[in-house]
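Proteins come first, then strands; the chains are lettered A, B, ... in the order of their sequence lines, and each starts at number 1.
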Amino acid sequence: MEEKVYDHNQIELKWQERWKDAQLYRADPSSAAPKYYVVEMLPYPSGRLHMGHVRNYSIGDALARYMWMRGYNVQHPMGWDAFGLPAENAAIKGGAHPRDWTIARIAEMTRQMNRMGFAYDWSLEITTCEPEYYRWNQWFFLKMLERGLAYRKRALVNWCPECGTVLANEQVVNGCCWRHETTQVEQRALEQWFWKITDYADELLRDIDEKLEGAWPDRVLAMQRNWIGKSVGSEIDFTLEGSGEKIRVFTTRVDTIYGATCMILAPEHPLAQKLLDEAGRVRAKEMIDARANKGPGDVVKDGAPTGAFAINPYSGLKVPVWIGNFVLMDYGTGAIMAVPAHDERDFEFCTTFGLPIVPVIRPVDTERNLPFCDDGIVENSGEYSGLTSAEARRKMNERAEREGFGKAAITFRIKDWGISRQRYWGTPIPVIHCPKCGVVPVPEKDLPVELPYDVKFTGKGRSPLAENPEFMNVKCPQCGENAQRESDTMDTFVDSSWYFYRYCDPHNDKAPFDSAKIAKWFEIDQYIGGVTHAILHLIYSRFFTKVMRDLGLIANDEPAANLFTQGMVLGNDGTAMSKSKGNVVDPEEMMDKYGADTCRLFVLFAAPPEKDMPWIEASVGGQRRFLERVWKFVTRNVGRDAGTGDPAADRRALRKLHRTIHKMTDDFSNRWHFNTSIAALMELINTLTEEEASLSRRALDQILPSLVLLLGPFAPYIAEELWEQLGRTGPAFKQPWPAFDESLEKEDAADVVLQVNGKVRGRISMPFGAPKEELERLALADPKTQASITGKQVVKVIVVPDKLVNIVVK
RNA sequence: GCCCGGGUGGCGAAAUCGGCAGACGCAACGGACUUAAAAUCCGUUUUCCGGCAACGGGAGUGCGGGUUCAAGUCCCGCCCUGGGCACCA
């Protein structure tokens, strides 16, 4: 048969047309095959696919296609993280309505994804800005409220005095407003909603060890551990001299308490406000503001005495009470005991302000240089002197508990999740503020609280919702009097915390999902996304899963049994692609130029998927050339009258084929190092081209279909087209993955390396399984090794059968 | 400062269990084809030394030690680099 021309445009258009069939990538509900649920993190619909998406989704798609071929019942959905600031910013700048803006961009990105040939079951598609989705955010909010997991408190927000509005963190650039680059952002306190993720802090931490270790990347788990930040220590009350009020401190080093030479309160600490005089309060305010505008780098330690004194409950000694800018109000109790001899920060503080330094811990076997911050032997500490730090901590905790001035305590660094956003384009928080009844939840039957479409985007004043009377004015569900809706919307991380559950039952209008469907598909077998979501998204989803479990909706404790985080795509200059650097490569341009298959192949070939990968356009051509070589090889050999050929050539070609299948099967099941899988395919085509003239028809009939199927998960268009040209029926991606036969992989003879003192001196070809003695004899007799041995004494000979002989000489 | 990665040719990388370092690809150079160019195909390409040559010999995986018959791979101590956290008591 004639060799054909590889025209990627023609092939892609043809198959896109055929792949429109909505049933094609649907999981089979009646299938008895084992399920495989693979999810790639859903994108924000910015309107253009970027290389990071292409990489993420090419990895996921290769895996989904491979698992289909392995006979699994695969569920592979896609959706849109459709709420968020860019749409609203665009509206503020005079662009389209956020909804229209978003819908148009979703359409555009869907088109691009289909062009890439990604195999999604679009019947499961979810769009988080649709009421049918976000009503369940609201439903979950009500459940959180019922269970005491949602509460309101005052918290700081960014405020631009120029706009007269609240800014999201992303709208703050270098401490200034995004629209007024010279206007400093201020901090203002507003009543906001929080979710008590801290209630689950212990379980979130424990399950990292018990459920995720080994299945999620270490660096993600390390970041999460760090973020949760569990500290084991003690809470101890110091008594204020005079009033007798208690000041509670948290410390991990109660064993050093005899060395406490002062107490330091956060400047915001309520007691500090009380103890300070007018001048002191001004100083405290200065410290708070200086910290709010904290630039990068260290803030110099600052502090001031309150004039008050407190009594150390263990030693009975009186210490001064200070305020200090390095003590955080929202960690621990907002107050510390300063032990300058055994803590670097306290040391720095007390040195600066001339406070005494009293050592109470002796190192076990080294000189003591202050501050000495390790455990040691306690001294100058009354009845505890002579104990180890650990013993002292235990005994001191016991006494605190017994005498009622403290206890062993655990503190977490993680804080409750503030979900309120003073924005329009998000899920309305379903509560009503009634002057008589207070905060009243919207009754479930009234969900969803829909976002009104007709609002004004001024970028000034309160959020567009708050300025919209038709939205805001309602009757109180409890007393029927005039009341106001909550105008805040939810953080978009709420949307993405549970979307992969909704995929399993996307159109359910009675519940967020049917629990039986979740039981069938969960946990997610493989979740794939960027490491940038290591903390927030991935910890919020874990939290959501645990809450849903406690609500009785699901049975699993974790959302994803396995997580894979791919590396970034870097520009030609080796830095992350960004518009400001002008090193962005547009996937669509690459598709025009080289075709979707080439793009997919390149992002998988250039580096192993977990590593950062530079986009070097010069090398993309190599992938295109590879596809052309495969294309030509297959098309010109489809019907070629090859006859019986040369059995030795057949054997060599089949050996390479089976090794390639073996290698790729390993890569898919272990490491996903698709770069080496593709390299193996390249080696295969190199061998096939070399042997081509001597191959028999029989061998070709085995080789051609296998080659095409192996290529399928990476380059689906060309695989499907060639499959059809081979005269096969049924889609290539639903064929069984080729099997390898190890007996065909073996060389005819073993190539045994001969070494002298570890240096290669020669090699001999031997039948497999040759006895050690014979290998040793032949190695010693070999002329190549003789040259290096003569005149020396052979000390010993190491023989690794079928592989290597190392002669050790002196 | 603390916690993770990473360091191998001109470049992206490979070597999965301690057994031939540099597979595969890019780029470069040489050749074939062509009036010419592009495309394609063939060849060379870690480095140093010797040789017209086929070839032979030495060095080499960030640096310094160590274990081993054998180390890119394991151990100890450094250096550089990317990322995360960063006054968390």
I want to verify a distance call: between [options], whose nearest atom is closest to the [X] side chain?
X	options	result
A:Thr251	B:C69, B:C41, B:A89	B:A89
A:Arg413	B:C85, B:A70, B:C24	B:C85
A:Leu804	B:G56, B:A89, B:G19	B:G19
A:Ala679	B:A23, B:G84, B:G58	B:A23
A:Ser231	B:A89, B:G19, B:U40	B:A89

Send over the distance from [X] [atom1] to [N] [atom2], rounded to a whole Å.
X	N	atom1	atom2	answer
A:Ile228	B:A86	CD1	P	14 Å
A:Ile764	B:C20	CD1	P	16 Å
A:Phe602	B:A27	CZ	P	11 Å
A:Glu628	B:U40	CD	C1'	10 Å
A:Trp615	B:G25	CH2	C1'	14 Å
A:Gln224	B:G84	CD	P	16 Å
A:Lys784	B:C55	NZ	P	11 Å
A:Phe238	B:A89	CZ	C1'	12 Å

For [X], which residues count as a side-chain contact (heavy atoms from CB on, under 4.5 Å) partner, sequence neighbours excluded?
X	result
A:Val327	A:Ile264, A:Ala266, A:Ile336
A:Leu627	A:Tyr6, A:Asp597, A:Thr598, A:Leu601, A:Leu711, A:Ala715, A:Ile718
A:Asn806	A:Gln755, A:Ile798, A:Leu804

- prompt: Is the base of B:G9 syn or anti, if syn means a glycosidic angle within 90° of 0?
  reply: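 You should classify B:G9 as syn.
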
- request: Indicate syn or anti for B:C17, taking the glycosidic torsion and treating anything within 90° of 0 as syn.
  value: syn

field: A:Lys803 (side chain) and B:C20 (base): donor-acceptor pair under 3.5 Å
entry: no

So, the side chain of [X] versus the backbone of [Y]: is there a donor-acceptor pair under 3.5 Å, distance only?
X	Y	result
A:Arg253	A:Cys373	yes
A:Asp612	A:Gly567	no
A:His342	A:Val360	yes
A:Arg393	A:Asp255	no

Base, sugar-phosphate alone, or nothing: which one does [X] contact when heavy atoms must sit under 4.0 Å apart?
X	result
A:Arg761	sugar-phosphate
A:Arg225	nothing
A:Lys759	sugar-phosphate
A:Gln755	base

Salt bridge check: are [X] and [Y] linked by an N-O gap of less than 4.0 Å?
X	Y	value
A:Arg624	A:Glu628	yes
A:Asp666	A:Arg671	no
A:Glu691	A:Lys656	no

How far, in whole Å, is [M] from [N] if one measures between their [atom1] atoms?
N	M	atom1	answer
B:G9	B:G64	P	15 Å
B:U73	B:A21	C1'	11 Å
B:G12	B:G65	P	28 Å
B:A13	B:G83	P	16 Å
B:G1	B:C49	P	44 Å
B:A32	B:A39	C1'	14 Å
B:A23	B:U61	C1'	15 Å
B:G7	B:G22	C1'	16 Å

field: Under 4.0 Å protein heavy-atom contacts per nucleotide of nucleotides 2-16 of chain B, with B for base, S for backbone only and - for none
entry: --S-------BSSSB

field: Spatial distance of atom CD (A:Gln224) from atom CH2 (A:Trp227) [nearest 0.5 Å]
entry: 10.5 Å

Spacing of CE belonging to A:Met41 relative to OG belonging to A:Ser541, to within rounding of 0.5 Å: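 Going from the CE atom of A:Met41 to the OG atom of A:Ser541 covers 7.5 Å.
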
Dot-bracket line, read 5' to 3' along RNA chain B, where crossing pairs take [ ] and | marks a partner on another strand, Watson-Crick or G-U under 3.5 Å: (((((((..(((......[....))).(((((.......))))).(((((....)))))..(((((..]....))))))))))))....

RNA chain B-proximal residues of residues 322-337 of chain A, any heavy atom under 4.0 Å: A:Phe326, A:Val327, A:Leu328, A:Tyr331, A:Ile336

Residue pair A:His658 / A:Glu742, side-chain donor-acceptor N/O under 3.5 Å: no

query: Does the salt bridge (charged side-chain N to carboxylate O under 4.0 Å, His left out) test come out yes or no for A:Glu213 and A:Arg225, once each step is laid out?
result: CA-CA 11 Å; A:Glu213 186 76 58; A:Arg225 281 193 191 97; 2.8 Å; yes

task: Hey, which sits more toward the 5' end of RNA chain B by its nearest nucleotide, A:Phe250 or A:Val808?
output: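 With A:Val808 and A:Phe250 compared, the 5'-side residue is A:Val808.
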
- request: Would you kindly compare A:Asp343 and A:Ala618 by the position of their nearest RNA chain B nucleotide and give the one closer to the 5′ end?
  value: A:Ala618

